[in-house]
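What follows is one structure encoded as structure tokens, with my remarks underneath.
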Protein chains: 2
Amino acid sequence: MIGPMQKAAEAGSGPHYLALRDRLVEEIACGALGAGARLPSERRLQLGSGAARGTVREALFQLEAEGLIYRRDRSGWYVSPPPVVYDPTRWAGFMTYVAEQGRVPTTETLHKHTVAAAAVDAAVFGCAVGAPLYALARRRAIDGRPVLIERILVDPAIAPGLIDHDLDGSLTAVLTGRYGVRVVRNHVEMRPCALIKDIAQALGVASGTPGLLVVRRSYDAADRIVEYDHEYWRHEAIRVLVEVRTRD
Amino acid sequence: MIGPMQKAAEAGSGPHYLALRDRLVEEIACGALGAGARLPSERRLQLGSGAARGTVREALFQLEAEGLIYRRDRSGWYVSPPPVVYDPTRWAGFMTYVAEQGRVPTTETLHKHTVAAAAVDAAVFGCAVGAPLYALARRRAIDGRPVLIERILVDPAIAPGLIDHDLDGSLTAVLTGRYGVRVVRNHVEMRPCALIKDIAQALGVASGTPGLLVVRRSYDAADRIVEYDHEYWRHEAIRVLVEVRTRD
DNA sequence: GAGTGGTCTAGACCACCTT
DNA sequence: AGGTGGTCTAGACCACTCA
């Protein structure tokens, strides 16, 4: 056939990009491409499939959405390592539960300073707009791969001088050990999202990469908010698990 | 300029598709495009932006990933209604918590029959491979819009004759009311995914649409599994919320 | 039947990573 | 410097929805 090809659903096998997807899934499943392995370049995948580059990329986006592969910006596509399991009902910090699963967690403080409470934050903290809050941004990695960016707000009244400490480890440990803070209630909210601009850049991923946003609010016995935390995860790096006994 | 354009980051404002995204976000935020409203067609959006259709689609995919818009296959793009809040720690069925939030839930049974337990399912149920299980597939909608497909497996020993009942309402109610089943423990797992083939088709969305998979296992006092449930949600239709008291 | 999104081609230049 | 992904153009045909 001459000119632009017809495409779509020939031989009843569905779109080309799904066929390529299936081929790659199989190669991942059978171990030809192990966890962490780098995929052939997009242009090389074209050769093997006769497809246009856009079509190849569609297959890759599909696999990315499914969490099977991820990309490092302008570097290449890689097979995703297994996800870590996160249980919001357990009050264990990142460093703890990641290590428990045989992985190596690291934390890096991107910046920490005092900010003026925005309207939204003031509502959460029950303070005046413009009141001082500690703001902390951290990047956390598993086995050396950055998996989340978090932005934490803390009321200085609860932990004066907090940001003068080393916060590259467990914030929970510092709050408990140095300030005697006891968290009795957690409010956790999750939703799929897209990682855009700053977040994507900090994680070294392309803007628009699928993610999972976890918002956590921790309260002490006096019902004061201890920690207001936004975690932006690479969506394929985490699996949320909740175990509950029914009250009745 | 002649021939293929240069694109990317002119005027320091980032890619074209993000500029278009921002424009649409604003129109949604300011109310020019209300919840449920239909967006202009892709070809019409081209005119207003001078972009190629592929670029317009990139902007739309971005908004879809962020949950702001959704599509009806081959019909058009629409502004997403607000999500419902789902709390896995509460043992309330879909029909209940959706109604509580002022929305109209509906359920439709796609098929129900007896199947032979696959290896994976047998492991969960602690039964032999090939043992009979009730399999149930339902489509659930909010305000008339299908938001999830669920596949439920139930052990016939726990609820003999279950699939002869009308299951277009609350399965929980039937299990409790007719069979005296009491669920004391829930195991819930969630992860972002892509909705593919059958699921996508049943929801009337394009294959590859972002989704959220919720897997729930309910156990009774004897620790027998009562219900093994896979829910495939449109990702923008749900927000997960967990409220926990810390044990210490 | 007109219009919509879904899929696909075949090029191009760019910013950035890697070596 | 060479290669990778990121962005973009300008077409095309198809399957489907909707009026």
Side-chain angles (χ1 to χ4, degrees), chain A residues 1-21 38-47 49-64 69-78 194-197 200-201 203-209, chain B residues 1-21 38-47 49-65 69-78 194-197 200-201 204-209:
Chain A
M1 46 188 83
I2 313 163
M5 278 259 299
Q6 267 66 305
K7 71 262 10 202
E10 26 181 65
S13 61
H16 286 173
Y17 77 93
L18 285 181
L20 175 53
R21 178 209 92 105
R38 182 189 189 144
L39 271 66
S41 77
E42 297 175 358
R43 287 164 177 91
R44 206 176 308 276
L45 286 171
Q46 279 187 260
L47 303 179
S49 66
R53 193 170 150 227
T55 305
V56 169
R57 281 170 68 77
E58 242 169 312
L60 295 169
F61 291 148
Q62 175 82 35
L63 289 168
E64 181 189 51
I69 65 176
Y70 70 98
R71 40 183 159 165
R72 301 217 302 247
D73 201 20
R74 270 164 251 267
S75 157
W77 295 87
Y78 299 81
L195 305 175
I196 55 182
K197 290 180 201 163
Q201 194 160 20
L203 280 177
V205 305
S207 183
T209 301
Chain B
M1 45 190 86
I2 313 164
M5 278 258 301
Q6 268 66 304
K7 73 267 6 209
E10 28 182 64
S13 60
H16 286 174
Y17 77 93
L18 285 182
L20 175 53
R21 178 209 91 105
R38 181 187 191 147
L39 272 65
S41 77
E42 297 175 358
R43 287 161 175 96
R44 207 177 307 275
L45 286 171
Q46 277 186 260
L47 302 179
S49 66
R53 192 169 149 227
T55 305
V56 169
R57 281 171 69 79
E58 242 169 313
L60 295 170
F61 290 147
Q62 176 82 33
L63 289 168
E64 180 189 51
I69 65 177
Y70 71 99
R71 39 183 160 163
R72 300 218 303 247
D73 200 20
R74 270 166 251 267
S75 156
W77 296 86
Y78 300 81
L195 305 175
I196 55 183
K197 291 179 204 163
Q201 194 161 19
V205 305
S207 184
T209 301

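Proteins come first, then strands; the chains are lettered A, B, ... in the order of their sequence lines, and each starts at number 1. Bear in mind that the values here come from a model prediction, so they are computed numbers and not experimental data.
Applying the 3.5 Å distance criterion, the base of C/dG6 shares a donor-acceptor pair with the side chain of B/Arg53. The base of D/dG5 sits with one of its N or O atoms less than 3.5 Å from a complementary donor or acceptor on the side chain of A/Arg43.
Comparing A/Leu18 and A/Arg38 against DNA chain C, the residue whose closest nucleotide sits nearer the 5' end is A/Leu18.
The number of heavy atoms from other shown groups lying within 6.0 Å of CZ (B/Arg53) is above 12.
Of all nucleotides listed (C/dA10, D/dT9, D/dG6), D/dT9 comes nearest to the side chain of B/Ala52. When distances run from any side-chain atom of B/Trp77 to the nucleotides D/dT7, C/dG5, C/dC8, the shortest one goes to C/dG5. The listed nucleotides are C/dT7, D/dT7, D/dC16; the one nearest the side chain of B/Arg74 is D/dC16. In the set D/dG5, D/dC8, C/dG6, the nucleotide with an atom closest to the side chain of A/Glu42 is D/dG5. In the set C/dC8, D/dT4, D/dT7, D/dT4 carries the atom at the smallest distance from any side-chain atom of A/Arg44. The listed nucleotides are D/dG6, C/dT18, D/dC8; the one nearest the side chain of A/Asp73 is D/dG6. Closest to the side chain of A/His16, from the set D/dT7, C/dC8, C/dG6, is C/dC8.
Remark: A/Tyr17 is not in phosphate contact with C/dC8, judged by side-chain N or O atoms under 4.0 Å from OP1 or OP2. Listed pair B/Ser41 / C/dT4 meets the phosphate criterion, a side-chain N or O lying under 4.0 Å from OP1 or OP2. Between A/Ser75 and C/dT18, a side-chain N or O to OP1/OP2 separation shorter than 4.0 Å is present. Within the structure, a side-chain polar atom (N or O) of B/Thr55 is placed less than 4.0 Å from OP1 or OP2 of D/dT9.
Using a 4.0 Å heavy-atom criterion, one finds that B/Gly54 contacts no nucleic acid atom at all. Looking at heavy-atom distances under 4.0 Å, A/Gly204 makes no contact with the nucleic acid at all.
No side-chain N or O of B/Trp77 forms a donor-acceptor pair with one of B/Glu64 less than 3.5 Å apart.
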